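Quick caveat: nothing in here was measured; it's all calculated off a predicted structure. The residues of the chain are indexed from 1 along the displayed sequence.
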Amino acid sequence: QNRWKESGVEVIVTGMPASIEEALQESKEAQAKAKAAKEAEAVRTDQRIMEALRDPNRRAAKIWGVTFVWNGGRKMELHSTHLTLEAANQYAKEHYNRLPGKDWDEVSCDKPGRPFSAFTCIEYGAASLMIVVEEYEVFDLNITQLRDALRQRGGDSRGGKAVLEERLQGLLDAGLRAHTPLKEPRRDAEAAASSPNKRVRLDHFY
């Protein structure tokens with residue numbers, strides 16, 4: 001066995017005797033190949049980012065939210081966030097259609113390409129609810145919503161609120177999504193739609 005140290009790491013050569021110079025040369029060649037491969041991967045990553053920036057189908061520069069307005073504005077809440085207007089509209093309509101005991105039904109807007117909005121009285125007049133789709137800024141989101149929005153865009157959802165806000169704003173500014181296809185998460189309205197006899201829970205919204 002031949003032993004020596006290179007950059008603090010002990011190198012052991014076994015088998016047929018070989019000169020230390022030859023072994024060092026092989027080590028340097030391997031390091032050079034690894035460095036070249038790393039640099040080539042960095043170039044390919046930059047190219048993918050530039051292609052994504054030019055692709056309008058990958059842009060995610062807006063946060064679309066479904067807002068619940070209870071009892072004439074006494075309580076307002078951002079119920080969910082979505083990647084696209086279409087996804088937010090679909091979720092809002094599904095949830096609206098599943099509301100129990102509607103005795104007033106007024107859909108203000110349900111046109112393609114425009115935010116959905118509707119008003120109703122539920123539980124036979126016990127409460128009123130308006131469901132509206134609208135745009136939100138990063139600072140409007142709480143920490144749970146920030147993490148949800150980051151996961152939708154393939155981003156890292158770890159960290160505190162300030163870190164998450166900065167990370168999400170960076171994604172929005174760049175107009176980038178992840179390079180893999182993104183899917184809207186399965187939510188309560190979709191789950192309810194798959195179970196016709198299941199009622200949508202409302203108690204935690206009052």
Side-chain angles (χ1 to χ4, degrees), residues 59-155 157-173 177 182-206:
R59 300 189 69 81
K62 296 180 180 179
I63 302 172
W64 288 102
V66 177
T67 305
F68 284 7
V69 183
W70 291 96
N71 300 323
R74 292 189 181 92
K75 181 180 179 180
M76 298 179 64
E77 64 171 317
L78 171 57
H79 183 67
S80 60
T81 61
H82 303 265
L83 281 169
T84 64
L85 171 62
E86 292 74 17
N89 281 345
Q90 180 181 354
Y91 174 76
K93 286 187 285 187
E94 288 177 354
H95 201 103
Y96 182 78
N97 292 333
R98 295 292 301 177
L99 291 171
K102 288 191 292 183
D103 56 3
W104 183 271
D105 196 351
E106 181 181 338
V107 178
S108 303
C109 183
D110 187 12
K111 296 181 180 180
R114 296 184 61 184
F116 175 85
S117 63
F119 173 84
T120 187
C121 292
I122 57 176
E123 297 291 359
Y124 308 102
S128 68
L129 172 64
M130 178 180 289
I131 297 181
V132 183
V133 172
E134 54 190 346
E135 291 182 56
Y136 278 85
E137 300 289 343
V138 171
F139 55 78
D140 293 322
L141 277 56
N142 61 34
I143 193 165
T144 301
Q145 293 160 349
L146 286 167
R147 286 174 175 157
D148 188 26
L150 281 164
R151 283 191 290 266
Q152 288 172 351
R153 290 161 176 80
S157 60
R158 295 171 296 180
K161 192 171 190 293
V163 173
L164 297 177
E165 287 179 339
E166 182 178 358
R167 190 176 296 143
L168 179 56
Q169 190 62 60
L171 285 174
L172 295 175
D173 291 343
R177 296 183 187 175
L182 297 174
K183 295 182 179 179
E184 284 286 322
R186 180 180 173 89
R187 299 180 185 274
D188 293 342
E190 183 182 346
S194 65
S195 304
N197 297 324
K198 183 178 179 180
R199 296 181 62 182
V200 177
R201 286 191 58 192
L202 298 172
D203 55 308
H204 59 293
F205 295 138
Y206 288 93

Colleague: Nearest 0.5 Å, what's the CG-CZ distance between L150 and R167?
Modeller: 6.5 Å
Colleague: Would you say Y136 and L78 make side-chain contact, with heavy atoms under 4.5 Å?
Modeller: yes
Colleague: What's the shortest heavy-atom distance between L83 and W64, and which atoms?
Modeller: O-CD1, 4.0 Å
Colleague: For N97, enumerate each residue passing the side-chain hydrogen bond (donor to acceptor under 3.5 Å, both in side chains) test, keeping only those at least two apart in sequence or located in another chain.
Modeller: none
Colleague: Checking I131 against Y91 for the side-chain contact (heavy atoms from CB on, under 4.5 Å) test, could you report, in this order, the C-alpha distance in whole Å, the side-chain angles of both residues, the deciding distance, and whether it holds?
Modeller: CA-CA 11 Å; I131 297 181; Y91 174 76; over 6 Å; no
Colleague: Tell me whether R147 contacts the main-chain N or O of N142 through its side chain, where contact means a donor paired with an acceptor under 3.5 Å.
Modeller: no
Colleague: Can you list the residues that meet the side-chain hydrogen bond (donor to acceptor under 3.5 Å, both in side chains) rule with Q145, with sequence neighbours excluded?
Modeller: none
Colleague: What pairs with Q90 under side chain to side chain contact (heavy atoms under 4.5 Å, CB included), at least two apart in sequence or on another chain?
Modeller: E94
Colleague: What orientation do H79 and H95 show, parallel under 30°, tilted 30 to 60°, or perpendicular over 60°?
Modeller: perpendicular
Colleague: Give the minimum heavy-atom separation between L141 and A149, together with the two atoms involved.
Modeller: CD2-CB, 4.1 Å
Colleague: In a table with atom names and distances, give each donor-acceptor pair under 3.5 Å that connects a side chain of residues 110-122 to protein atoms at least two apart or in another chain.
Modeller:
{"residue": "D110", "atom": "OD1", "partner": "K93", "partner atom": "NZ", "Å": "3.2"}
{"residue": "T120", "atom": "OG1", "partner": "W104", "partner atom": "O", "Å": "2.3"}

Colleague: Please enumerate all residues that pass side-chain hydrogen bond (donor to acceptor under 3.5 Å, both in side chains) together with S128, with sequence neighbours excluded.
Modeller: none
Colleague: Which pair of non-hydrogen atoms, one from L164 and one from R158, has the smallest distance, and what is that distance?
Modeller: CD2-O, 3.4 Å
Colleague: Using the side chain to side chain contact (heavy atoms under 4.5 Å, CB included) criterion, which residues pair with E166? Sequence neighbours excluded.
Modeller: none
Colleague: With sequence neighbours left out, write down each residue that passes side chain to side chain contact (heavy atoms under 4.5 Å, CB included) with V138, or none if nothing qualifies.
Modeller: I63, L146, E165, L168, Q169, L172
Colleague: Report the residues that fulfil side chain to side chain contact (heavy atoms under 4.5 Å, CB included) with E137, sequence neighbours left out, ordered by chain and then residue number.
Modeller: F139, D140
Colleague: Listed by chain and number, what are the salt bridge (Lys or Arg N to Asp or Glu O under 4.0 Å) partners of R74, not counting sequence neighbours?
Modeller: none
Colleague: Would you compute the distance between atom OG1 of T67 and atom CE of M130 and round it to the nearest 0.5 angstrom?
Modeller: 11.0 Å
Colleague: With sequence neighbours excluded, what pairs up with K102 under the side-chain hydrogen bond (donor to acceptor under 3.5 Å, both in side chains) test?
Modeller: none
Colleague: On a heavy-atom basis, which atom in R151 and which in S157 lie closest, and how many Å separate them?
Modeller: NH1-OG, 3.5 Å
